[in-house]
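When a residue number appears, it is its place in the shown sequence, counting from 1. No experiment lies behind these values; they were computed from the predicted model shown.
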Amino acid sequence: MNVRSSAAVLAAIAVIGAAAPAAADSSPSPSPSQQALPSALYGESDPQYDGVWRQSLALLAQHTVGVEPPKEAVDWLTGQQCADGSFAPFRADTGTACDAETMVDTNQTAAAVQALAALGGHDAVTGKALDWLKSVQNKDGGWGYMAGGASDANSTSLVVGALAAAGEKPAEVVKGGKSPQDALLKLALPCDAEDDGAGAFAFQPDKKGELVANADATAAGVAGSLGVGLVVEPDKGRSGAADAACEKPKTPEQAAANGAAHLTDALAADGHLVSALPGAEDQPDYGNTADAVVALAAQGATGPAAKSAAWLEKNAADWAAQSGPAAYAQLILAAHATGTDPRAFGGTDLVKKLAATGPAASAGDASGEKNGQERTDEKEKDDSGFGSGVWWALGAFLVVGAGAGVLVNSRKKRRQP
């Protein structure tokens, strides 16, 4: 795709909240949630940090399962682009040009490219977006959440997916002689890593320059190393053994194999990943699990991917209903990657539920039809809960922190909505 870890998001909030100086004017400014939201937008929660992200995932998921998204929803997305090609999470007034204070980022931009490239007919928009992404590529070959930020596994992998979706070869997009895969290799943990981190990916090096295993960054790192995006076709991944021994990651392919084996081990016990807040019990991380399913399917580890997809079928319906359109999209993409029917996902029609969070679907597509009451019901449930699998959340708080002179290091998860 977005933080995919609720713990990381809340940690970022806590750090920023504690460090940010008091504002000169304590009167709250109206947020988009206090204003009338565009009818073309998916979800009814405040889009300030994730409007383009959730719109992109919704459109991409619908297209992936053969549903033509509503034209007004697509037009809303293309209309969010800045003149330089970048995308911010949400621009309430697109008649006002973007400026230095417009918080554009690589994640929203890469997600928009993946959606619009899949839909087709938007070459001018995606071309400008890719030009901007290439212009802010770091010298190590990767990307950070914001232009100029240190490269991280999730942002780099999202841009790799955008390049691939647009028909480019990510390995040939270089800066300073380094490719995105080179950046990801630097974030791959060695096979002798401690704390069960062997073969995993780190989000970024920590303050000491050390790599710390991160499950969501690992899912992203696997996909990015394989050169794939958010959509993975079933049975078209590599023939990767899920239990292959970890080997020194000298190539992107080996790094992906190591990462997939790490995810397989992490999922083995319960079929899902976990996230925990300090002092709280471990909780299932639905969004990260969905991302891991897609990554494993891309590697060809179909058995573990199917097992975790089956767990999501049984357990993720309430999470998606609470979290909104991006969560439904994640589940649809996980189902698609494993050949599971998203219209009968544990008794839930994910395609219909997703459509119910947005504008009226194209006429004649029964899978997208919904009545007004269903849309209202779905939107009342949409609260963009944490853990829904997007990295925009942490990125957004990093943006806020940067304005206050705060630097937050850690790892979403992606992905959130």
Side-chain angles (χ1 to χ4, degrees), residues 1 38-45 47 50-80 87 108 110-122 125-126 158 161-162 165 229-234 287 290-291 293-294 309 312 316-317 320-321 323-345 348-371 374-375 377-379 381-382 384 388-390 415-417:
M1 90 98 90
S39 61
L41 181 67
Y42 282 79
E44 241 178 19
S45 60
D50 80 319
V52 164
W53 173 267
R54 73 193 193 208
Q55 192 85 348
S56 299
L57 262 65
L59 301 181
L60 183 60
Q62 288 185 312
H63 173 77
T64 299
V65 295
V67 175
E68 182 180 353
K71 182 179 183 300
E72 59 266 40
V74 180
D75 290 345
W76 181 88
L77 179 59
T78 59
Q80 289 289 304
F87 282 80
Q108 315 282 336
V113 169
Q114 293 195 46
L116 294 172
L119 292 170
H122 302 282
V125 176
T126 58
L158 278 169
L230 297 168
V231 177
V232 170
E233 296 300 324
D291 292 338
V293 167
V294 175
L312 288 170
S323 299
Y328 281 123
Q330 280 185 280
L331 293 181
I332 289 172
L333 296 176
H336 179 77
T338 56
T340 307
D341 186 359
R343 293 178 173 83
F345 196 77
T348 299
D349 186 339
L350 298 174
V351 179
K352 186 177 181 180
K353 292 290 187 179
L354 173 58
T357 69
S362 300
D365 188 340
S367 63
E369 291 177 359
K370 59 194 180 296
N371 57 43
E374 181 179 358
R375 173 174 167 80
D377 292 344
E378 285 299 316
K379 285 219 166 189
K381 295 176 183 177
D382 172 22
S384 289
S388 54
V390 290
R415 326 358 267 142
Q416 81 176 304

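- For the 3.5 Å distance criterion, the side chains of E68 and H63 fail to qualify, holding no donor opposite an acceptor.
- Contact detail for A73 and P359: the closest heavy-atom pair is CB-CG, 3.9 Å.
- Across all their heavy atoms, A165 and A117 have their closest contact at O-CB, 3.6 Å.
- In plain terms, the two heavy atoms of V125 and F87 that are nearest each other are CG1-CZ, 4.0 Å.
- Proximity of R54 to L41: side-chain heavy atoms (C-beta onward) are separated by under 4.5 Å at one or more points.
- How far OG1 of T348 is from CG of L312: 12.0 Å, rounded to the nearest 0.5 Å.
- The shortest heavy-atom contact between L333 and V294 is O-CG2, 3.9 Å.
- For the atom pair L60 CG and T64 OG1, the distance stands at 4.5 Å (nearest 0.5 Å).
- Distance alone, capped at 3.5 Å, places no donor-acceptor pair between the S323 side chain and the A320 backbone.
- Contact of the Y42 side chain with the L77 side chain is not registered, since no non-hydrogen atoms from C-beta on lie closer than 4.5 Å.
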Intermediate values then yes/no, side-chain contact (heavy atoms from CB on, under 4.5 Å), Q114 and V231 = CA-CA 9 Å; Q114 293 195 46; V231 177; 5.9 Å; no
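- Between the CD1 atom in I332 and the CZ atom in R343 there is a gap of 8.0 Å [rounded to 0.5 Å].
- Nearest heavy atoms, V293 versus A334: CG1-O, 3.8 Å.
- Between P69 and Q55, every side-chain heavy-atom pair lies at or beyond the 4.5 Å cut-off.
- The two residues P70 and Q62 make their nearest non-hydrogen contact at CD-OE1, 4.0 Å.
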